[in-house]
Enquirer: 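Pasting a structure here, questions to come.
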Amino acid sequence: MPSSTPASAMSDRAVEIGQAPAQEQVYRPWRAIARKFFSYKASVVSLVILILIVLFAFAGGPLWKYSYAVSTSDLSAPPSWEHPFGTDHLGYDLMAGVMRGTQRSLSIAGTVAVLATLIGSIWGAVAGYVGGWADSLLMRIVDLIMIFPLLAVAAFLARQSQGGEHGWLLVALVLATLSWTVLARVVRSVVLSLRTREFVIAAKIAGAGPVRIIFRHLLPNTVGPIIVAATVLVASAILSETALSYLGFGVQPPDTSLGLLINQAQGAISTRPWLFYFPGLFIILIALCVAFIGDGLRAALDPKQQRK
Amino acid sequence: MLAYLVRRLLVMIPMMLIASFLMFVVISFSGDPLAGLKTMQPPPPPEVLHAMAVKLRLDQPLLDRYWMWLSGLFVGDFGPSIHNIDIGAELVKRLGVSLRLLALGIVLAFLMAVAASVIGAVLQFSWADHIISFVAVAMISMPVFWLALQLKRLAISINQELGFRLLYTSGDGAGMTASTPWDRVLLLIGVLALPTIALSMQAFGTWSRYGRVALIDALNSEYVKLARAKGLSETRVVLAHGLRTSLAPMLTVVAAGGAVILGESVVTETVFQWRGMGDLLVTGIQNNDVYVVLGWLLVAGLIIMVFNLIADILYAVLDPRIRYER
């Protein structure tokens, strides 16, 4: 059982990387990492707020008395007990809209993060481990994708495939196919430093094939950088999705997202400012929380970084 | 250095060719440019649809279409447009408008990021450092269109306080004239101020975080200890020895952010209703005008490649260890 002192957390990590993760020797440095993470106040507070936002978005919709899709008779009402976030000029309750929008934005960001992390990690690991011309080819493809502004390409592709009940999923797929490149670069650089290590050579001598080495030996040892890069991905996916929806190429009405709510509210900046405070506040809160959680994870997963 | 420059410029040609081909294929397969026309009510006669398809070269095989487009580019023909836009001329005009915003935004973001990193690194863990770090994270988390809308709101009340229109909340200044040189400067500031600030904030946040870490690393290194031991003033140590080397890793981040800031300029221009590259792209996508989108992406790809090249050159200038000769 690892103790909570940073020094032992460091040696846990060293043991984990230094020795081959053999089947019978199950070593779990995660407890020490979790303890370290929970010692960062900002990260813990962010985690709590993010969980509350997720609950608000996914459980709030069915519980709240108004629906995002049904208008009420209160037109342009400022925030009150009846409508905590106010209503728009057609009488739609904004809190219901924000719940639905947050749900959509979070679903998209989550899907993007999972898909892009999967594609990017495997891509980067293969490039880094195989090396040679395959590495050059794979990484040039990454360079090519990164030449183009993600937002512009995503806007075009999302516009081509938009609409329908699963419109949000298409937006997520488009963003995922364009944003995995960062992960590929991160994972490749870690794998490059790992491929000549003893445990990989040992596995190779023991007769493990490249697929087994990549999935059983290399990828598990890049989990730290992958998790950190994935949190950055969540934050940037939230911002990309809201920007797309703001431009009118993302989630389409009658469905809604946080970006679309702001788009619809921008004509009323000075007359109904609440319409665009609340959706904006939620975007910023989510992105901020994810960023602070990422900082905590980075510190907890990096054995070199010690608390001052 | 010159050999390196020539080599880099030569590498850009095949890169751009492959990129343009990929782009062309992806965009051709992603949908029917006439879909909007076909679903119109009442539906246009088949002859019109056919004529449009011929005009957009949809009757030709994909490779022929690509070749026609590519060879057209060399004589300034960016391809046919659904709405009869002269794409080449339009791109040049719009680029002039947008480059002002992009260049100013990047410079402002970079200067603020450098200033913030110096304060953050020199006064590490002080209250100033904490505040700057928090502002940086907040700026990274803030959607550019939301910040832009807030600035517009703020500008409206500033203008009301002043009693005249100092800050323009829409338009890129085209068609507005000023009689005296002073008025012209005021107009230029009024038009550019809000979009530039809105565009630069997110980049400032990202770059300052990297800059701070890079400068802290540099200030803890042996050569800075030596510089201090020699008795150099602290200002000189930080600026001439620490900052100079920490700018190099920062430039890598700046270069990598080129595509992001270009994407954000589209959003910024949309909020401030500029008739620049952003508007060209947005209306192009709305009208499904594929050759407009293709031309736009081509120009964007070129801008980003040149941007990366400049960053690499500055990298060599800043860090004497980096030599590009083989």
Side-chain angles (χ1 to χ4, degrees), chain A residues 42 140-141 143-162 174 177 181-182 185 232 235-236 238-249 258-259 262-263 265-266 269-270 273 276-277 279-281 283-292 294-295 308, chain B residues 15-16 18-19 22-23 26-27 29-32 35 124-125 134 137-138 140-150 152-153 156-157 169 202 205 256 258-267 270-271 277-278 281-282 284-286 288 290 293-294 296-298 300-305 308:
Chain A
R140 287 303 82 72
I141 294 176
D143 290 347
L144 277 180
I145 297 177
M146 286 182 123
I147 284 180
F148 299 108
L150 175 142
L151 208 58
V153 183
F156 181 81
L157 294 179
R159 161 85 182 181
Q160 294 297 316
S161 49
Q162 73 188 195
V174 164
T177 46
T181 48
V182 186
R185 281 194 174 167
V232 177
S236 69
I238 286 264
L239 294 178
S240 306
E241 179 277 319
T242 50
L244 269 188
S245 299
Y246 170 78
L247 289 176
F249 302 126
L258 293 174
I262 294 177
N263 176 338
Q266 64 176 330
I269 277 188
S270 38
F276 98 126
Y277 281 146
L281 191 72
I283 299 175
I284 296 169
L285 261 181
I286 294 169
L288 258 183
C289 288
V290 173
F292 280 124
D295 278 355
K308 69 234 173 212
Chain B
M15 275 284 272
M16 215 52 229
I18 299 169
L22 270 180
M23 206 168 76
V26 167
I27 286 191
F29 277 113
S30 67
D32 179 8
Q124 199 183 348
F125 302 133
F134 183 80
V137 182
I140 295 172
S141 309
M142 197 175 288
V144 61
F145 56 91
W146 196 78
L147 176 65
L149 287 168
Q150 286 288 1
K152 267 176 120 164
R153 210 167 110 81
I156 291 171
S157 36
T169 53
Q202 200 156 47
V260 178
I261 206 166
L262 194 56
E264 277 170 1
S265 78
V266 172
V267 181
T270 307
V271 177
M277 291 284 281
L281 178 75
V282 170
I285 293 176
Q286 276 164 353
N288 222 336
V290 281
V293 177
L294 280 169
W296 194 97
L297 287 175
L298 193 75
L302 269 176
I303 293 177
I304 289 160
M305 284 178 122
N308 285 336

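First the proteins, then the strands, lettered A, B, ... as listed; each starts at 1.
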Enquirer: Quick one: of B:Glu264, B:Gln150, B:Arg153, B:Met142, who has the most non-hydrogen atom pairs under 4.5 Å with chain A?
Expert: B:Arg153

Enquirer: Which bit of B:Ile285 comes within less than 4.5 Å of chain A, counting heavy atoms only: side chain, backbone, both or neither?
Expert: both

Enquirer: Taking every heavy-atom pair that is under 4.5 Å apart, which of B:Leu298, B:Val267, B:Val144 has the most such pairs with chain A?
Expert: B:Val267

Enquirer: Measure B:Phe29 against the heavy atoms of chain A and call it side chain, backbone, both or neither at under 4.5 Å.
Expert: neither

Enquirer: Using a cut-off of under 4.5 Å on heavy-atom pairs, state which of B:Leu297, B:Ile156, B:Ile140, B:Leu262 scores highest against chain A.
Expert: B:Leu297

Enquirer: Given heavy-atom pairs under 4.5 angstrom as the criterion, report whether the side chain, backbone, both or neither of A:Ile147 touches chain B.
Expert: both

Enquirer: Is any side-chain heavy atom of A:Leu239 closer than 4.5 Å to one of B:Gln202?
Expert: yes

Enquirer: So which part of A:Phe148 gets closer than 4.5 Å to some heavy atom of chain B, the side chain, the backbone, both or neither?
Expert: both

Enquirer: Are any non-hydrogen side-chain atoms of B:Val290 and A:Phe156 less than 4.5 angstrom apart?
Expert: yes

Enquirer: Check whether any side-chain N or O of A:Arg159 sits under 3.5 Å from a backbone N or O of B:Asn288 as a donor-acceptor pair, and report yes or no.
Expert: no

Enquirer: Please classify the contact of B:Val260 with chain A as side chain, backbone, both or neither, using a heavy-atom distance under 4.5 Å.
Expert: neither

Enquirer: Examine whether an atom of A:Tyr277 lies under 4.5 Å from a heavy atom of chain B, and if so say whether it belongs to the side chain, the backbone or both; otherwise answer neither.
Expert: both

Enquirer: Tell me, do A:Thr242 and B:Phe145 make a side-chain contact under 4.5 Å, heavy atoms counted?
Expert: yes

Enquirer: With a 4.5 angstrom heavy-atom cut-off, could you sort out which part of B:Met305 is near chain A: side chain, backbone, both or neither?
Expert: side chain

Enquirer: Restricting to non-hydrogen atoms, name the atom on A:Ala152 and the atom on B:Trp296 that form the minimum distance, rounded to 0.1 Å.
Expert: CB-CZ3, 3.4 Å

Enquirer: Considering only heavy atoms, which portion of A:Ala235 lies under 4.5 Å from any heavy atom of chain B: side chain, backbone, both, or neither?
Expert: neither

Enquirer: Select, from B:Gly263, B:Ser157, B:Ser30, the one with the greatest count of heavy-atom pairs under 4.5 Å involving chain A.
Expert: B:Ser30

Enquirer: For B:Trp146 and A:Phe276, take the angle between the two ring planes, folded into 0 to 90°, and tell me which bin it lands in: parallel under 30, tilted 30 to 60, perpendicular over 60.
Expert: tilted

Enquirer: Side chain, backbone, both or neither: which part of B:Leu149 has a non-hydrogen atom closer than 4.5 Å to chain A?
Expert: both

Enquirer: Only pairs of heavy atoms separated by less than 4.5 Å count here; which of B:Val271, B:Val266, B:Leu22, B:Ile18 has the most with chain A?
Expert: B:Val271

Enquirer: Nearest 0.5 Å, what's the CE-CG distance between B:Met23 and A:Leu144?
Expert: 11.0 Å

Enquirer: So which residue, B:Thr270, B:Leu302, B:Leu281, B:Val293, ends up with the most heavy-atom pairs under 4.5 Å with chain A?
Expert: B:Val293

Enquirer: Can you name the nearest heavy-atom pair linking A:Ile284 to B:Pro143, along with the distance?
Expert: CG1-CD, 3.9 Å

